[in-house]
Amino acid sequence: MNYLLFSFAPEMMWAQILLLLVGIVCVLKSADLLTNGAVGLATKLGVSQMVIGLTIVAIGTSMPEFFVSLVSAVHGTPDLAVGNIVGSNIFNSLLIVGVAALVAPIAIQRVTVKKDIPIAVLASIMLMAMTLDDTISRVDALLLFSVFIAFIWITLRGARSDAQEKESSEQPVGAGKALFLLLVGLVGLLLGSNIFVDNASALAHSWGISDAVIGLTIVAGGTSLPELATSVVAARKGDSGIAIGNVLGSNVFNILMILGVTGLITPMHIQGITMVDLSVMVVSMVLLWLFSFTKFRIERWEGGVLVTSFCGYMVWLLINV
C-alpha cells in the first residue's frame with residue numbers, strides 16, 4: 001500500500017501531524033472555493049445546482065476514489081479497490097449527509113426523490129448482486145458503465161427543466177471566474193485529501209494500527225474528505241442542491257463509473273468485502289431515500305440518526321476486523 005499512501009508523508013512524526021493539519025485546512029478552503037464556483041457556474045448556465053452537484057462537483061470530488069481504486073486493481077489488490085468504493089459510499093450516505101443535515105436541514109427537490117436517489121439505490125443493489133460470486137467480470141463492468149452513461153444522459157437532458165430552486169445568497173460571479181474557482185477548488189481538494197490520507201496513514205502505522213483497519217477507515221474516509229467538506233460548506237451556505245447532489249452523484253459515479261472502468265481494465269476477484277459491508281451500503285441509501293420523503297427535507301434529527309448509524313457501523317467494523 002506504500003505506493004498509495006506515503007508520497008506526502010515525511011518520516012518525522014511532528015511533520016506528519018503538521019501536514020495533517022495543513023491537509024485539513026487545504027480541503028476546507030478548497031471546498032469553499034469549489035462551492036462558490038459551482039453555484040456561479042450553475043447560475044450562468046441556467047441549470048440547477050442539483051445538476052452541477054450530480055455531475056461536475058460529484059465527478060471532481062470522486063477523483064481520489066477513482067485513482068485509489070484503479071491503481072489498486074491494476075496492482076492486484078481488488079479488495080482495496082472495491083472496499084474503498086463501498087466504504088466511501090457508506091461515508092457519503094451516512095456521515096456526510098448526516099453532518100451536513102446537522103449543520104443545516106437539507107431541502108431536496110421532488111425530482112431528486114423520484115429519479116436521482118432511486119438510481120443511487122439501484123447502483124448499490126447492482127454492486128451487491130454482482131459480488132455474490134466474489135467476482136466483478138468484464139460483463140458486469142460493462143453493465144455498470146452502460147448504466148452510468150444512461151444516468152448522465154438523463155441528468156443532462158433534464159438539466160434546464162430542473163432549474164426551479166432557491167437561488168444562492170452569494171453574489172453571482174462571471175462564468176470565467178466561476179470556472180476558475182471550480183478548478184482551483186477541485187485541485188485543492190485532491191491535493192489536500194492526499195496529504196491528509198498519507199500522513200494519517202503514516203501516523204496510524206507508527207501507532208501499530210493494521211493495514212486492514214487503515215484501508216477500511218482512513219483510506220475510505222480520506223477519499224471521501226472532498227465530498228464531506230464540499231457538502232458541509234454548501235449546506236452552511238444554504239446551497240442544498242450542491243450538498244445533496246454531490247453525495248448522490250459521487251455514490252453513483254463511484255459504483256457505475258469507477259468500478260465499471262476498473263473492471264473493464266482488469267476483472268476483480270473479491271474476498272475481503274463481506275455481505276455486512278455491502279448490506280450497510282444498500283441500507284444507508286434506502287434510509288436516505290426514506291428520510292427524503294419527510295417534507296422533502298432531511299431534518300437535523302434525521303441527520304443525527306444517519307451519523308449514529310455510521311458510528312455504529314464503524315464500531316462493528318473495528319471490533320470484527
Side-chain angles (χ1 to χ4, degrees), residues 4 51-93 115-159 186 190 193 215 219-220 223-224 226-227 245-275 277-282 284-286 288:
L4 287 174
V51 170
I52 296 295
L54 283 169
T55 54
I56 298 175
V57 176
I59 291 173
T61 56
S62 288
M63 282 297 102
E65 287 92 337
F66 177 72
F67 289 117
V68 168
S69 295
L70 181 61
V71 174
S72 298
V74 169
H75 282 75
T77 54
D79 281 350
L80 180 58
V82 178
N84 175 46
I85 296 303
V86 173
S88 293
N89 279 20
I90 292 172
F91 266 80
N92 289 348
S93 302
K115 182 191 70 176
D116 301 320
I117 299 181
I119 292 177
V121 173
L122 174 64
S124 300
I125 294 174
M126 287 177 63
L127 177 57
M128 186 177 187
M130 288 177 178
T131 55
L132 291 176
D133 61 355
D134 297 327
T135 302
I136 296 180
S137 65
R138 283 194 170 93
V139 174
D140 294 333
L142 180 60
L143 178 58
L144 291 174
F145 189 70
S146 299
V147 175
F148 173 74
I149 296 299
F151 167 73
I152 292 296
W153 181 77
I154 292 171
T155 299
L156 295 179
R157 188 184 65 171
L186 284 175
L190 298 180
S193 62
V219 174
T223 55
S224 290
E227 287 92 337
N246 173 42
V247 168
L248 294 177
S250 293
N251 278 16
V252 171
F253 182 85
N254 287 349
I255 295 175
L256 299 182
M257 196 279 183
I258 294 178
L259 291 183
V261 170
T262 303
L264 285 172
I265 295 173
T266 173
M268 293 175 282
H269 183 67
I270 306 160
Q271 292 181 324
I273 309 303
T274 69
M275 287 305 297
D277 302 316
L278 293 164
S279 298
V280 171
M281 178 186 67
V282 173
S284 66
M285 276 308 311
V286 173
L288 176 59

Applying side-chain contact (heavy atoms from CB on, under 4.5 Å), can you list everything that pairs with [X], at least two apart in sequence or on another chain?
{"X": "Thr266", "value": "Ala73"}
{"X": "Val286", "value": "Val121, Val282, Leu290"}
{"X": "Val261", "value": "Phe66, Phe145, Met257, Ile265"}
{"X": "Leu142", "value": "Ser146, Leu264"}

From [X] atom [atom1] to [Y] atom [atom2], the distance as rounded to the nearest 0.5 Å:
{"X": "Met130", "Y": "Leu132", "atom1": "CE", "atom2": "CG", "value": "10.5 Å"}
{"X": "Met126", "Y": "Ile255", "atom1": "CE", "atom2": "CD1", "value": "9.0 Å"}
{"X": "Ile152", "Y": "Phe253", "atom1": "CD1", "atom2": "CZ", "value": "8.5 Å"}
{"X": "Leu127", "Y": "Leu256", "atom1": "CG", "atom2": "CG", "value": "9.0 Å"}
{"X": "Ile85", "Y": "Leu259", "atom1": "CD1", "atom2": "CG", "value": "5.0 Å"}
{"X": "Ile90", "Y": "Met285", "atom1": "CD1", "atom2": "CE", "value": "12.0 Å"}

Could you check if a side-chain atom of [X] sits within less than 4.5 angstrom of a side-chain atom of [Y], using non-hydrogen atoms only?
{"X": "Leu248", "Y": "Leu288", "value": "yes"}
{"X": "Asp116", "Y": "Val252", "value": "no"}
{"X": "Ile136", "Y": "Pro267", "value": "no"}
{"X": "Met268", "Y": "Thr135", "value": "no"}

Can you list the residues that meet the side chain to side chain donor-acceptor pair (under 3.5 Å) rule with Ser279, with sequence neighbours excluded?
none

With no hydrogens and no angle check, do the side chains of Ser93 and Asn251 hold a donor and an acceptor under 3.5 Å apart?
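The criterion, which ignores hydrogens and geometry beyond distance, is satisfied for Asn251 and Ser93.
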
Filter on side-chain hydrogen bond (donor to acceptor under 3.5 Å, both in side chains), then keep only pairs touching residues 125-134, sequence neighbours left out; what's left?
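Those involving residues 125-134 do not exist here.
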
Would Ile125 and Met128 count as a side chain to side chain contact (heavy atoms under 4.5 Å, CB included) here? Give the steps.
CA-CA 5 Å; Ile125 294 174; Met128 186 177 187; 5.6 Å; no

Which atom names give the shortest non-hydrogen contact between Ile154 and Lys115, and what distance separates them?
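In this case the closest contact between Ile154 and Lys115 is CG2-CD, 3.7 Å.
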
